[in-house]
Novice: 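Here it is, the structure in full.
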Amino acid sequence: GSPPQALVDDAEDVSLDFGSEEELALRKAKIRHPLATFFYLFFRVSAIITYLFCDWFSNSFVACFVTILLLLSFDFWSVKNVTGRLLVGLHWWNKIDEDGKSHWVFEARRVSTRAASTEAEARIFWLGLIICPVIWTVFFFSTLFSLKLKWLALVIAGISLQTANLYGYMHCKLGGHKSTSRATSRFFVTADVPKRQARRTAEDHTEEHGKTGTR
């Protein structure tokens, strides 16, 4: 009778947007790349902890120096080449052209919803990227004031490596929107040229046809 028909009509009027809900749920997910997040924090935190408590673990300055330097190097390489891409979708590198000139490339790529980072991962990445160079800067001044000059080279290396990643990813973050907008505007300009040429050709053809008809 009529009641079932009313139910069917009500059901048809309801529209569910599963795509947006799925995208929002994926963005709100806690950690989508647990291994990358773990190693991102592991190398950074381990270098700082080893620097603070290396005297408790070993009496050898050389062993502590080499261990911390390796942790800093692993951190620099992994953040630059792996975790930056996975956690925030950014990448930067340096290339040498045929003339031997050095060029820095800062890339902000648009990734699919399933490959994109979550809010938690992005927050962890940027907090670690900013806080750790600050900590190594504090170590630099504490090394100077305490006259532990044998650690000075290691602390400077830590500041240099982590500041380089911070500088590179800040350029990726701030320059990505500019490059995207420029590329988009350039595309629209390029796409608009054929339309204008086609419109002018059509107008010229119409004028010639009109002149021919009057003759």
Side-chain angles (χ1 to χ4, degrees), residues 23-24 26-48 51 68-140 153-193:
E23 181 177 353
L24 182 61
L26 288 172
R27 286 289 299 168
K28 293 291 185 181
K30 294 294 183 182
I31 300 294
R32 199 181 307 162
H33 305 94
L35 195 62
T37 305
F38 169 77
F39 280 106
Y40 173 75
L41 294 174
F42 174 78
F43 289 132
R44 302 206 141 216
V45 176
S46 296
I48 293 173
Y51 177 81
I68 298 171
L69 189 61
L70 286 175
L71 289 172
L72 289 171
S73 301
F74 289 153
D75 171 73
F76 175 81
W77 183 89
S78 63
V79 171
K80 178 180 176 295
N81 296 293
V82 181
T83 53
R85 293 181 178 182
L86 295 177
L87 300 185
V88 290
L90 303 175
H91 185 221
W92 68 273
W93 72 95
N94 179 268
K95 65 178 182 179
I96 308 296
D97 60 13
E98 297 178 354
D99 298 330
K101 295 181 180 179
S102 177
H103 297 278
W104 294 94
V105 181
F106 305 97
E107 182 183 39
R109 294 186 299 178
R110 296 192 175 209
V111 294
S112 62
T113 303
R114 293 189 176 276
S117 62
T118 64
E119 294 179 0
E121 290 174 340
R123 192 176 298 112
I124 290 173
F125 181 83
W126 288 110
L127 284 176
L129 203 68
I130 295 172
I131 292 175
C132 288
V134 174
I135 294 176
W136 284 101
T137 303
V138 173
F139 290 164
F140 174 79
L154 180 64
V155 173
I156 292 175
I159 295 174
S160 301
L161 291 174
Q162 302 212 349
T163 303
N165 264 327
L166 176 61
Y167 176 81
Y169 281 110
M170 288 299 293
H171 265 274
C172 293
K173 183 69 174 178
L174 299 177
H177 301 294
K178 296 179 181 179
S179 60
T180 302
S181 61
R182 289 174 183 172
T184 305
S185 62
R186 191 180 301 114
F187 169 77
F188 283 121
V189 170
T190 306
D192 192 39
V193 170

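Atom set for the values below is all heavy atoms of this structure, side chains included, hydrogens, waters and symmetry mates excluded.
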Novice: Using every non-hydrogen atom in the two residues, find where I96 and N94 come nearest and quote the distance to one decimal.
Specialist: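 Heavy-atom minimum between the residues: CD1-OD1, 3.8 Å.
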Novice: List the atom of K80, the atom of H91, and the distance in Å for their closest heavy-atom pair.
Specialist: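 Result for this residue pair: O-CD2, 3.2 Å.
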Novice: Identify the two heavy atoms, one from A108 and one from C172, that lie closest to each other, and give their separation to 0.1 Å.
Specialist: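 A108 and C172 have their closest heavy atoms at CB-O, 3.7 Å.
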Novice: Give the minimum heavy-atom separation between A36 and L87, together with the two atoms involved.
Specialist: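 Heavy-atom minimum between the residues: CB-CD2, 4.4 Å.
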Novice: Once you measure the plane-to-plane angle for W104 and F106, does it fall in the parallel (<30°), tilted (30-60°) or perpendicular (>60°) bin?
Specialist: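 Because their plane-to-plane angle is under 30°, the rings of W104 and F106 count as parallel.
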Novice: Please find the pair of heavy atoms, one from Y40 and one from G128, that lie closest to each other, and give the distance.
Specialist: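 Heavy atoms only, the tightest pair is OH-C, 3.3 Å.
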Novice: Do any N or O atoms from the side chain of D99 and from the backbone of K101 form a donor-acceptor pair under 3.5 angstrom?
Specialist: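 Here the side-chain-to-backbone pair does not exist.
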Novice: Counting the benzene-type ring for Trp, do Y169 and F125 have ring centres under 6.0 Å apart?
Specialist: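 For Y169 and F125, the ring centres are under 6.0 Å apart.
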Novice: To the nearest 0.5 Å, what is the distance between NE2 (H171) and CG (L166)?
Specialist: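 Between atom NE2 of H171 and atom CG of L166 there are 10.0 Å.
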Novice: Once you measure the plane-to-plane angle for F42 and F38, does it fall in the parallel (<30°), tilted (30-60°) or perpendicular (>60°) bin?
Specialist: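 Answer is parallel, since the angle falls under 30°.
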Novice: Could you check M170 against W126 for side chain to side chain contact (heavy atoms under 4.5 Å, CB included), going step by step and ending with a plain yes or no?
Specialist: CA-CA 10 Å; M170 288 299 293; W126 288 110; 3.9 Å; yes
Novice: Indicate yes or no: at least one non-hydrogen side-chain atom of W136 is less than 4.5 angstrom from one of I48.
Specialist: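 Touching, per the 4.5 Å side-chain cut-off.
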Novice: Could you pull out every donor-acceptor pair under 3.5 Å between side chains of residues 68-79 and any protein atom, sequence neighbours left out?
Specialist:
| from | atom 1 | to | atom 2 | distance (Å) |
| --- | --- | --- | --- | --- |
| S73 | OG | L69 | O | 2.8 |
| D75 | OD1 | R44 | NE | 2.9 |
| D75 | OD2 | R44 | NE | 3.3 |
| D75 | OD2 | R44 | NH2 | 3.4 |
| S78 | OG | F74 | O | 2.9 |
| S78 | OG | D75 | O | 3.1 |

Novice: Tell me, do V155 and Y51 make a side-chain contact under 4.5 Å, heavy atoms counted?
Specialist: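 The answer is yes, as the side chains (C-beta and beyond) meet within the 4.5 Å cut-off.
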Novice: Starting at CG of L129, measure out to CD1 of I124 and round the result to the nearest 0.5 Å.
Specialist: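 Reported value, rounded in 0.5 Å steps: 13.0 Å.
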Novice: Is there a side-chain contact between R85 and L90 (heavy atoms, below 4.5 Å)?
Specialist: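 When only atoms from C-beta onward are counted, L90 and R85 do not touch, as no gap falls below 4.5 Å.
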Novice: Do you know which two heavy atoms are closest between T163 and I159, and how far apart they sit?
Specialist: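 Answer, listing the atom of T163 first, then I159: OG1-O, 2.5 Å.
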Novice: If you count heavy atoms of other groups shown closer than 6.0 angstrom to OH of Y167, is the number above 12?
Specialist: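 Atom OH in Y167 is not packed in, count stays at 12 or less.
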Novice: Who are the side chain to side chain donor-acceptor pair (under 3.5 Å) partners of W92, not counting sequence neighbours?
Specialist: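 Side chain to side chain donor-acceptor pair (under 3.5 Å) list for W92, sorted by chain: N165.
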Novice: How many angstroms lie between CZ in R32 and CG in L86, if you round to the nearest 0.5 Å?
Specialist: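 That separation rounds to 11.0 Å.
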Novice: Using the test side chain to side chain contact (heavy atoms under 4.5 Å, CB included), find all partners of V105 that sit at least two apart in sequence or belong to another chain.
Specialist: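 Scan of V105 (side chain to side chain contact (heavy atoms under 4.5 Å, CB included), adjacent residues dropped) gives W93, K95.
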